[in-house]
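Input: a single structure, listed below in structure tokens.
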Amino acid sequence: MGRVGRPPQDPVQRAHGILDAAAELVVRWGYDKTTIDDVAKRAGVAKGTIYLHWKTRDELFAALLRRERVYLVEAIRASAPATMGELFGEFVGSALRRPLMRAALVRDSEVLGKLARMKQRSTMRLDMGDAFDAYLDRLIEHGAVREAPRDHMTVITAIVHGFVFLPELVPEEAQLPDERIAELVADTVDRAMGTGRALPEQDAQAVAQATLDLLDSMAEVAHRRFMASLITKERAL
């Protein structure tokens with residue numbers, strides 16, 4: 001007679017449960033104080049089970065940040081931004097609403113510990129590569145963005161990080177709520193990058209579609225990178 005017991009858990013589902021536990025503990029204690037033993041206990045799995053997915057603690061938390069990136073892009077996509085300003089305003093607003101993404105955006109060493117100083121901090125870089133260049137070309141074509149030397153991302157990065165780090169530079173009583181920071185990012189990006197002309201309806205719709213297409217491309221890349229970081233040993237069996 002065969003053994004009776006719980007059916008084997010799907011490895012991806014199991015990995016998500018481990019990452020859920022890791023996220024909770026990192027937000028509560030910080031990365032430097034969270035051990036693999038802590039994560040295993042909170043997730044209700046053996047320590048060795050975690051090593052079926054990730055060889056080291058750093059790999060585990062790198063996967064956690066990659067998953068957060070997936071969730072972030074999904075949240076931005078769900079808001080259906082129609083302009084470049086709305087895209088980056090929602091990027092900031094969504095990131096600030098998620099504790100781990102907020103920590104990554106502002107390089108919070110109390111939460112992320114040494115991860116804030118490692119290459120994994122690129123999770124929140126604004127470099128979008130060729131997809132963003134193609135997006136810019138479409139916006140320029142439809143008159144939504146001024147045609148200029150390829151310094152757009154430099155300007156946008158300065159705007160985003162300028163507003164994000166603003167609370168460190170002003171008195172507490174002068175600090176703005178996160179929602180207002182996101183609105184100001186959206187408005188400033190549109191003012192800095194835009195042509196200042198009202199777009200015909202057809203062009204406005206094309207810009208909105210281009211923005212959604214960019215997010216779809218980002219979502220695909222983020223999901224692929226996350227899934228590649230989930231399973232190690234079991235995938236090789």
Side-chain angles (χ1 to χ4, degrees), residues 8-24 26-27 31 36 39 43 45 49-81 84 86-105 107 112 115-139 152-153 156-157 160 208-237:
Q9 188 178 20
D10 174 71
V12 174
Q13 181 183 8
R14 183 180 64 203
H16 275 289
I18 294 169
L19 292 175
D20 288 342
E24 179 183 335
V26 169
V27 170
Y31 171 80
I36 290 291
V39 175
V45 300
T49 300
I50 294 180
Y51 290 119
L52 289 175
H53 295 271
W54 305 283
K55 296 178 181 178
T56 67
R57 187 178 70 136
D58 288 348
E59 285 188 3
L60 164 63
F61 287 99
L64 176 59
L65 290 182
R66 290 192 185 105
R67 188 178 72 160
E68 286 295 309
R69 175 82 179 199
V70 171
Y71 291 161
L72 175 66
V73 176
E74 288 176 349
I76 299 170
R77 179 63 172 80
S79 72
M84 182 187 288
E86 290 179 7
L87 169 66
F88 286 100
E90 188 57 36
F91 167 83
V92 170
S94 295
L96 293 179
R97 286 190 291 270
R98 302 190 63 84
L100 285 176
M101 286 292 91
R102 184 188 192 101
L105 186 60
R107 311 277 173 84
L112 294 184
L115 282 182
R117 303 181 294 275
M118 292 171 60
K119 66 180 181 180
Q120 280 89 348
R121 67 188 181 184
S122 64
T123 301
M124 295 304 298
R125 283 173 54 189
L126 297 184
D127 183 6
M128 299 178 184
D130 294 341
F132 186 74
D133 290 339
Y135 173 61
L136 275 177
D137 288 339
R138 291 174 69 179
L139 266 57
H152 295 80
M153 186 50 67
I156 291 169
T157 301
V160 167
Q209 185 60 55
T211 304
L212 296 182
D213 289 346
L214 172 65
L215 286 167
D216 287 340
S217 175
M218 292 173 61
E220 180 182 354
V221 171
H223 186 265
R224 184 172 66 249
R225 289 176 178 172
F226 167 61
M227 292 302 295
S229 70
L230 276 192
I231 304 172
T232 55
K233 294 181 182 178
E234 288 187 355
R235 177 175 290 159
L237 296 178

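For the numbers below, each heavy atom of this structure counts, side chains included, while hydrogens, waters and symmetry mates do not.
Annotation: salt bridge (charged side-chain N to carboxylate O under 4.0 Å, His left out) contacts of Glu86 (sequence neighbours excluded): none. Listed by chain and number, the residues in a side-chain hydrogen bond (donor to acceptor under 3.5 Å, both in side chains) with Asp216 are Arg77 (sequence neighbours excluded). Residues satisfying the side-chain contact (heavy atoms from CB on, under 4.5 Å) test with Glu74, not counting sequence neighbours, are Val70, Tyr71.
Counting all heavy atoms, side chain and backbone alike, Ser79 lies closest to Glu90 at OG-CG, 3.1 Å. Of all non-hydrogen atoms in Pro99 and Arg97, the two that sit nearest each other are CD-O, 3.7 Å. Here the shortest heavy-atom pairing between Pro81 and Thr211 reads O-CG2, 3.5 Å. What you find for Ile76 and Ser94 is that their closest heavy atoms are CG1-OG, 4.0 Å. Minimum heavy-atom separation, Ala63 to Ser229: CB-OG, 3.5 Å. Contact record, Ala131 with Ser217: CB-OG, 3.9 Å, taken as the closest heavy-atom pair.
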Side chain to side chain contact (heavy atoms under 4.5 Å, CB included) assessment of Phe91 paired with Leu105: CA-CA 10 Å; Phe91 167 83; Leu105 186 60; 4.1 Å; yes

Worked verdict on Ile50 versus Arg57 for side chain to side chain contact (heavy atoms under 4.5 Å, CB included): CA-CA 9 Å; Ile50 294 180; Arg57 187 178 70 136; over 6 Å; no

Salt bridge (Lys or Arg N to Asp or Glu O under 4.0 Å) assessment of Asp20 paired with Arg67: CA-CA 10 Å; Asp20 288 342; Arg67 188 178 72 160; 2.9 Å; yes

Worked verdict on Arg69 versus Met218 for side chain to side chain contact (heavy atoms under 4.5 Å, CB included): CA-CA 10 Å; Arg69 175 82 179 199; Met218 292 173 61; 3.8 Å; yes

Check against side chain to side chain contact (heavy atoms under 4.5 Å, CB included), Leu19 and Val39: CA-CA 8 Å; Leu19 292 175; Val39 175; over 6 Å; no

Steps toward salt bridge (Lys or Arg N to Asp or Glu O under 4.0 Å) verdict (Arg102, Glu68): CA-CA 10 Å; Arg102 184 188 192 101; Glu68 286 295 309; over 6 Å; no

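At a threshold of 4.5 Å between non-hydrogen side-chain atoms, the residues Ile36 and Tyr51 count as touching. Side-chain atoms of Asp213 and Tyr135, non-hydrogen and from C-beta on, never get closer than 4.5 Å to each other. When side chains are defined from C-beta on, Arg14 counts as touching Thr49, because their heavy atoms get closer than 4.5 Å. Annotation: side chain of Met84 is in contact with side chain of Phe132 (closest heavy-atom distance under 4.5 Å). Between Leu87 and Leu215 the shortest side-chain heavy-atom distance falls below 4.5 Å.
Between the side chain of Arg66 and the backbone N or O of Phe226, no donor-acceptor pair lies under 3.5 Å. Panel note: side chain Thr157, backbone Met153; a donor-acceptor pair is recorded below 3.5 Å. Listed for the Trp54 side chain is no donor-acceptor partner under 3.5 Å among the backbone atoms of Ala62.
Here Leu52 contributes atom CG and Leu230 contributes atom CG; the two are 13.0 Å apart, rounded to the nearest 0.5 Å. Annotation: the span from Leu96 atom CG to Met101 atom CE amounts to 11.5 Å, rounded to 0.5 Å. Within the model, atoms CG of Leu100 and CG of Leu72 stand 11.5 Å from one another, a figure rounded to the nearest 0.5 Å.
Other residues, nucleotides and ligands place no more than 12 heavy atoms under 6.0 Å from the CZ atom of Arg225.
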